[in-house]
Amino acid sequence: MTDGAWVSLFSGGKDSSWALYRALERGYSVERLVTVHPEGDSYMYHVPATRLASLAAESIGIPLLEVEPDDFGADDVPDAGVQGDEELEPLEAALRDLDSDLDGGIKGVTAGAVESEYQTTRIEAMAERLEAQVFAPLWQEDPRTLAEAMLDAGFEVRIIRVAAYGLDESWLGRTLDTDALDELESLNDEYGVHILGEGGEFETLVTDGPHMDRRIELEYDTEWDGTRGTLRIEDARLAE
C-alpha cells in the first residue's frame with residue numbers, strides 16, 4: 001500500500017509523543033492521533049492523564065480519535081495473554097472504522113514501545129490484520145540515549161505517576177532533565193528502576209515540544225499513599 005494515512009497511537013506520554021515526532025520528522029502523513037481511555041488498570045495502555053491528550057492534540061494540530069472501552073478488569077486477571085488480546089479489541093475496532101473513513105485508508109501506525117514484547121507483538125499483529133505498517137522508532141534503543149534525544153529535541157517531560165522503590169513523592173511533577181536521568185541511572189543500578197519507566201516505574205506527560213505550537217500548563221496537587229503516587233490535575237490549559 002503506497003497511499004493512505006498514518007495514525008499515531010497516542011497517550012500524551014513521552015514514548016508515544018516521541019514516536020509521533022519522529023514520524024512527522026520523516027514526513028509521514030499523520031492524519032489522526034488515537035487515544036484509548038482505560039477505565040481502571042490496563043495491561044496494554046498508558047493510564048494516567050489520558051484526558052489531557054485532547055489538549056496535546058490541539059497544540060499539535062492533528063485531530064484526535066478517543067476510544068472509550070469498558071473497564072478491562074485488569075486488577076484480577078487469570079491469563080495475561082488473553083487479557084492483552086481482549087484489551088486490544090476496542091482499539092482495533094476503532095481503527096477499522098477509521099480505515100474506512102480516511103482517504104486511502106490507514107497506511108501505518110506509530111507506536112512508542114521500547115522493550116515490551118507483550119505490547120509490541122500485539123500491535124504488530126493488529127497492524128498486519130489491518131494491512132498497515134508499524135513505525136516504532138524507540139524499539140530496542142538504548143534508554144539513556146533515547147531520553148537524551150528527547151531532551152535535545154526540546155521535549156518537556158513531566159512525571160505524573162510513580163510506582164517503584166526509590167521513587168518518592170518528590171518525583172511527582174518533576175521535569176525530566178539531565179540531573180533526573182543521572183538519578184534514574186543510579187536507581188537503575190541500585191533497584192533496577194528502568195530509566196524510561198518501561199516497567200511501569202513512572203508515567204509521564206509531554207507538556208511541550210517542537211511538534212507542539214503551545215505548551216500545556218498544569219495546576220495540580222499530589223496523591224501519595226506511602227509507596228506510590230500520582231498527580232491530581234486540578235487545571236490544564238494551553239499557554240496563551
Find the distance between [atom1] ([X]) and [atom2] ([Y]) and round it off to the nearest 0.5 Å.
X: Leu91; Y: Leu95; atom1: CG; atom2: CG; answer: 4.5 Å
X: Ile233; Y: Ile216; atom1: CD1; atom2: CD1; answer: 10.0 Å
X: Leu146; Y: Gln140; atom1: CG; atom2: CD; answer: 11.0 Å
X: Ile62; Y: Leu65; atom1: CD1; atom2: CG; answer: 13.0 Å

Going by distance alone, is a donor N or O of one side chain under 3.5 Å from an acceptor N or O of the other, for Ser11 and Thr50? no

Any side-chain donor-acceptor pair under 3.5 Å between Asp177 and Thr175? no

Using side-chain contact (heavy atoms from CB on, under 4.5 Å) as the criterion, list what pairs up with [X], not counting sequence neighbours.
X: Pro143; result: Glu115, His194, Ile195, Leu196
X: Glu240; result: Arg214
X: Asp225; result: Thr227, Arg228

With side chains defined as the heavy atoms from C-beta onward, is the minimum distance between Leu138 and Met150 less than 4.5 Å? yes

Between Arg158 and Tyr220, is there a side-chain heavy-atom distance shorter than 4.5 Å?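 Yes, at least one pair of side-chain atoms sits under 4.5 Å.
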
Tell me, with the steps shown, if Leu184 and Phe202 meet side-chain contact (heavy atoms from CB on, under 4.5 Å). CA-CA 11 Å; Leu184 286 168; Phe202 61 91; 4.0 Å; yes

Output a table of donor-acceptor pairs, distance under 3.5 Å, between side-chain atoms of residues 26-36 and any protein atom two or more places apart or on a different chain; print 'none' if there are none.
unit_1	atom_1	unit_2	atom_2	d
Arg26	NH1	Tyr28	OH	3.2
Thr35	OG1	Phe10	O	2.6

Using every non-hydrogen atom in the two residues, find where Leu55 and Arg237 come nearest and quote the distance to one decimal.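 In terms of heavy atoms, the two residues are closest at CD1-N, 3.7 Å.
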
Nearest non-hydrogen partners of Ile60 and Leu20, listed with the distance: CD1-CD2, 3.8 Å

Any ion pair linking Glu89 and Arg129 (charged N to carboxylate O, less than 4.0 Å)? no

Per-pair distances, 0.1 Å, donor-acceptor, side chain in residues 205-213, under 3.5 Å, sequence neighbours excluded:
unit_1	atom_1	unit_2	atom_2	d
Thr207	OG1	Glu156	O	3.4
Thr207	OG1	Glu156	OE1	2.5

Pair listing, ring-ring contact (aromatic ring centres under 6.0 Å, His included) test, anchored in residues 158-188, at least two apart: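 Residue pairs with at least one partner in residues 158-188: Tyr165-Tyr191.
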
Does atom CD (Glu128) have a neighbourhood of more than 12 heavy atoms from anything else shown, all under 6.0 Å? no

